[in-house]
Amino acid sequence: MYWSKYNILSKSKKYGYLLYNTMSQVFLQIDDSQIQGWLELKDNPDSYKDYKFADFLISSRIIVKRQEDDLNIYLSDVLKNKYNSADVSLTILPTRGCNFGCIYCYERERPMVTMNEDTEVAIIRFVQSNKQIKRLNVTWYGGEPLINFGSIERLSRAFLTLGIEYAAKIVTNGYLLTKEKADLFAELAINDVQITFDGPESVHNERRPLLGGQPTYRTIMENLKYLLQVNPSVHVDIRTNIDRRNMEMYADFYDSFKSEISSDRVNLYPGFVSDLLSSECVSPEHNISEGGYKAQFALDLFDRYGIEIKSFLPRFRRHSCVGSKYFAFVIGPEGEIYKCWRMVGNPEQTLGNVHEGIKNMAGFADYITGADYTRDPKCLNCEFIALCGGGCPLVRLRNRNEGLHLNHCCPEKSHMEQLMEMRYEMYLLAKQGKK
């Protein structure tokens, strides 16, 4: 028998010893009076039968018969999910046009195109060409997708008639989320919404104004309040794009937002503006998107302000994005097909078109197999593999094709012991009813 390589046993400054298994997701707090027994078990795992909780040690995968079993089970699940033809995910851009002039936008130099009804029909045919499909998940993206709400409405109604399970999410700046559109979201199965606020009102308006420079914060806030009022099932993620210019304002924004909207259907979290596409995003002097910075940012928010960023708690992942899955695509407004939403508008990255199908199989295979982390020896030997999902496929491809050394590891890896302590403290606060 073996002490699982996926066990992380650490000494917390506040709570004694914590044990976390990254594969089984078992999380334990161990009293100081019991730690000697656990250390002896770690040194001599064959003695597990001498412990009164022997069955738990096996079922939780803390003690394993063979070290490779957990990895093999995980990889089998990953591959099943990756090549599952019954589940299809599409990110659809009804337009590349946008009404905002965000300071870090990577799309501003790309041609602004809006989808027509011929392309909508071709998208439906493209979906129907998969005879095994049982579930379809769509993310409406842009540009600003609500600029072309007509395509969203027509395509949504068509998807709902296909006789398959259907769910949709929209990533919108929220400015055009009028009452007329909000009233239709439930009917169109748009039950998940992501809206971005980049800080307190003055900061947001500076970073995310209209193209003419006009403020946007207050309009978005009122639109959001109405959506939550008329749609009791909608869930909203509030993203704040963080770089060095606004990172110190996040706590102020968090408190001011919660003072206006405290619904448990709204989740706030920081995103990080990346320099992944060089000058098209944010320059290196402003970038804090490296994993270590992300984790430290979440820890500082919790330690200094008690703000919980649950997205940074260690959690199980199979894949990082649609780029990793066989039956997942990004469809541009002219029907062009991509594997990465960052590549929309780049003609060199198209795989084909919904009007004619996938033609660039080499480009498709680059994402599916060329960027496959299950073939990376470093990942296969890493105890964090089940938390990471391999990281960004585009980063992997850029590292290989351009000789770069961009980090694709999960942010938890560099601060795991501190994040485990934060997770346990959040558990205690929830148990006490304080959160």
Asks: Without hydrogens or angle criteria, can the side chains of Tyr104 and Arg208 be said to hold a donor-acceptor pair below 3.5 Å?
Replies: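 Indeed, the side chains of Tyr104 and Arg208 share at least one donor-acceptor pair under 3.5 Å.
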
Asks: Does a side chain donor of either Asp372 or Thr369 reach within less than 3.5 Å of an acceptor in the other side chain?
Replies: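 No, no side-chain donor-acceptor contact under 3.5 Å.
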
Asks: Does the Thr95 side chain pair with the main chain of Val113, one donor and one acceptor, at a distance under 3.5 Å?
Replies: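 Indeed, once roles are kept as given, a pair shorter than 3.5 Å links the two residues.
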
Asks: Please list, chain by chain and in numerical order, all residues satisfying salt bridge (charged side-chain N to carboxylate O under 4.0 Å, His left out) with Lys5, sequence neighbours excluded.
Replies: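 With sequence neighbours excluded, Lys5 shows a salt bridge (charged side-chain N to carboxylate O under 4.0 Å, His left out) to no residue whatsoever.
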
Asks: List in chain and number order the residues that pass salt bridge (charged side-chain N to carboxylate O under 4.0 Å, His left out) with Arg375, two or more places apart in sequence or in another chain; answer none if no residue qualifies.
Replies: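 Here no residue qualifies.
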
Asks: Can you tell whether the side chains of Glu153 and Lys181 come within less than 4.0 Å, N to carboxylate O?
Replies: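 Not counted as a salt bridge, because no side-chain N and carboxylate O are separated by less than 4.0 Å.
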
Asks: Knowing that exactly one of Lys339, Arg400, Gln349 qualifies, which makes a side chain to side chain donor-acceptor pair (under 3.5 Å) with Asp366?
Replies: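 Exactly one candidate clears the test, Arg400.
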
Asks: Report yes or no: does Glu336 contribute a side-chain atom to a donor-acceptor pair with the main-chain N or O of Glu334 at less than 3.5 Å?
Replies: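 Side chain of Glu336 to backbone of Glu334, a donor-acceptor pair under 3.5 Å: yes, one is there.
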
Asks: I'd like to check the salt bridge (charged side-chain N to carboxylate O under 4.0 Å, His left out) partners of Asp237; sequence neighbours left out, ordered by chain and number.
Replies: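 Checked Asp237 against salt bridge (charged side-chain N to carboxylate O under 4.0 Å, His left out); zero matches.
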
Asks: Would Lys325 and Asp87 pass as an ion pair if we require N to O under 4.0 Å?
Replies: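 Result for this pair is no, no salt bridge flagged.
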
Asks: Between the side chains of Asn231 and Tyr226, does any donor sit under 3.5 Å from an acceptor?
Replies: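 Tyr226 and Asn231 do not have a side-chain donor-acceptor pair below 3.5 Å.
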
Asks: Is the closest side-chain donor-acceptor distance between Tyr269 and Glu308 under 3.5 Å?
Replies: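 Side chains of Tyr269 and Glu308: no pair found under 3.5 Å.
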
Asks: Would you check if the side chain of Asn205 reaches a backbone N or O of Tyr217 as a donor-acceptor pair within less than 3.5 Å?
Replies: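 Confirmed, Asn205 side chain pairs with Tyr217 backbone.
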
Asks: Please check if any side-chain donor atom of Thr172 sits under 3.5 Å from a side-chain acceptor atom of Glu144, or the reverse.
Replies: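 Their side chains do contain a donor-acceptor pair, which is all the 3.5 Å distance test asks for.
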
Asks: How far apart are the closest heavy atoms of Ile62 and Val26, and which atoms are they?
Replies: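 Minimum heavy-atom contact is CD1-CG1, 4.4 Å.
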
Asks: Checking the side chain of Arg396 only, and the main-chain atoms of Gly390 only, is there a donor and an acceptor separated by less than 3.5 Å?
Replies: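 Pair found, side chain donor or acceptor close to backbone of Gly390.
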
Asks: In terms of side-chain heavy atoms, does Tyr20 have a donor or acceptor partner in Gln25 at a distance below 3.5 Å?
Replies: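 The answer is yes; a qualifying pair exists.
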
Asks: Can you pull out every side chain to side chain donor-acceptor pair (under 3.5 Å) where at least one residue sits in residues 378-390? Sequence neighbours excluded, please.
Replies: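 Not a single pair qualifies under side chain to side chain donor-acceptor pair (under 3.5 Å).
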
Asks: Can any side-chain N or O of Tyr338 pair as donor or acceptor with the backbone N or O of Gly345 at less than 3.5 Å?
Replies: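 Flag set: sc Tyr338 to bb Gly345 pair under 3.5 Å.
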
Asks: Between Asn7 (side chain) and Asn21 (backbone), is there a donor-acceptor pair under 3.5 Å?
Replies: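 No: the side chain of Asn7 does not pair with the backbone of Asn21.
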
Asks: State which residues pass side chain to side chain contact (heavy atoms under 4.5 Å, CB included) with Glu417; sequence neighbours excluded, sorted by chain then number.
Replies: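 For Glu417 the side chain to side chain contact (heavy atoms under 4.5 Å, CB included) partners, ignoring immediate neighbours, are Ser10.
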
Asks: Going by side chain to side chain contact (heavy atoms under 4.5 Å, CB included), name the residues that satisfy it together with Glu356, two or more places apart in sequence or in a different chain.
Replies: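 Result, side chain to side chain contact (heavy atoms under 4.5 Å, CB included) vs Glu356: Asn353, Lys359.
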
Asks: Given 3.5 Å as the limit, does a donor-acceptor pair link the side chain of Thr22 with the main chain of Phe384, or not?
Replies: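 No, Thr22 side chain to Phe384 backbone: no donor-acceptor pair under 3.5 Å.
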
Asks: Test ring pair (Phe, Tyr, Trp, His ring centres under 6.0 Å) on Phe27 and Tyr427 and set out the steps.
Replies: CA-CA 11 Å; Phe27 189 94; Tyr427 161 77; 8.2 Å; no

Asks: Tell me yes or no: between the side chains of Glu120 and Ser151, is some donor less than 3.5 Å from an acceptor?
Replies: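 Checked: Glu120/Ser151 side chains pair up, N/O donor to acceptor below 3.5 Å.
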
Asks: Between Asn116 and Thr119, do the side chains contain a donor N or O and an acceptor N or O under 3.5 Å apart?
Replies: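 Side-chain D/A pair, Thr119 to Asn116: present.
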
Asks: Is the side chain of Asn246 donor-acceptor paired with the backbone N or O of Asn241 at a distance under 3.5 Å, no angle test?
Replies: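 Indeed, once roles are kept as given, a pair shorter than 3.5 Å links the two residues.
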
Asks: Quick check on side chain to side chain donor-acceptor pair (under 3.5 Å): which of Thr240, Thr216, Thr196 does His204 satisfy it with?
Replies: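 Testing each of Thr240, Thr216, Thr196 against His204, the sole residue satisfying side chain to side chain donor-acceptor pair (under 3.5 Å) is Thr216.
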
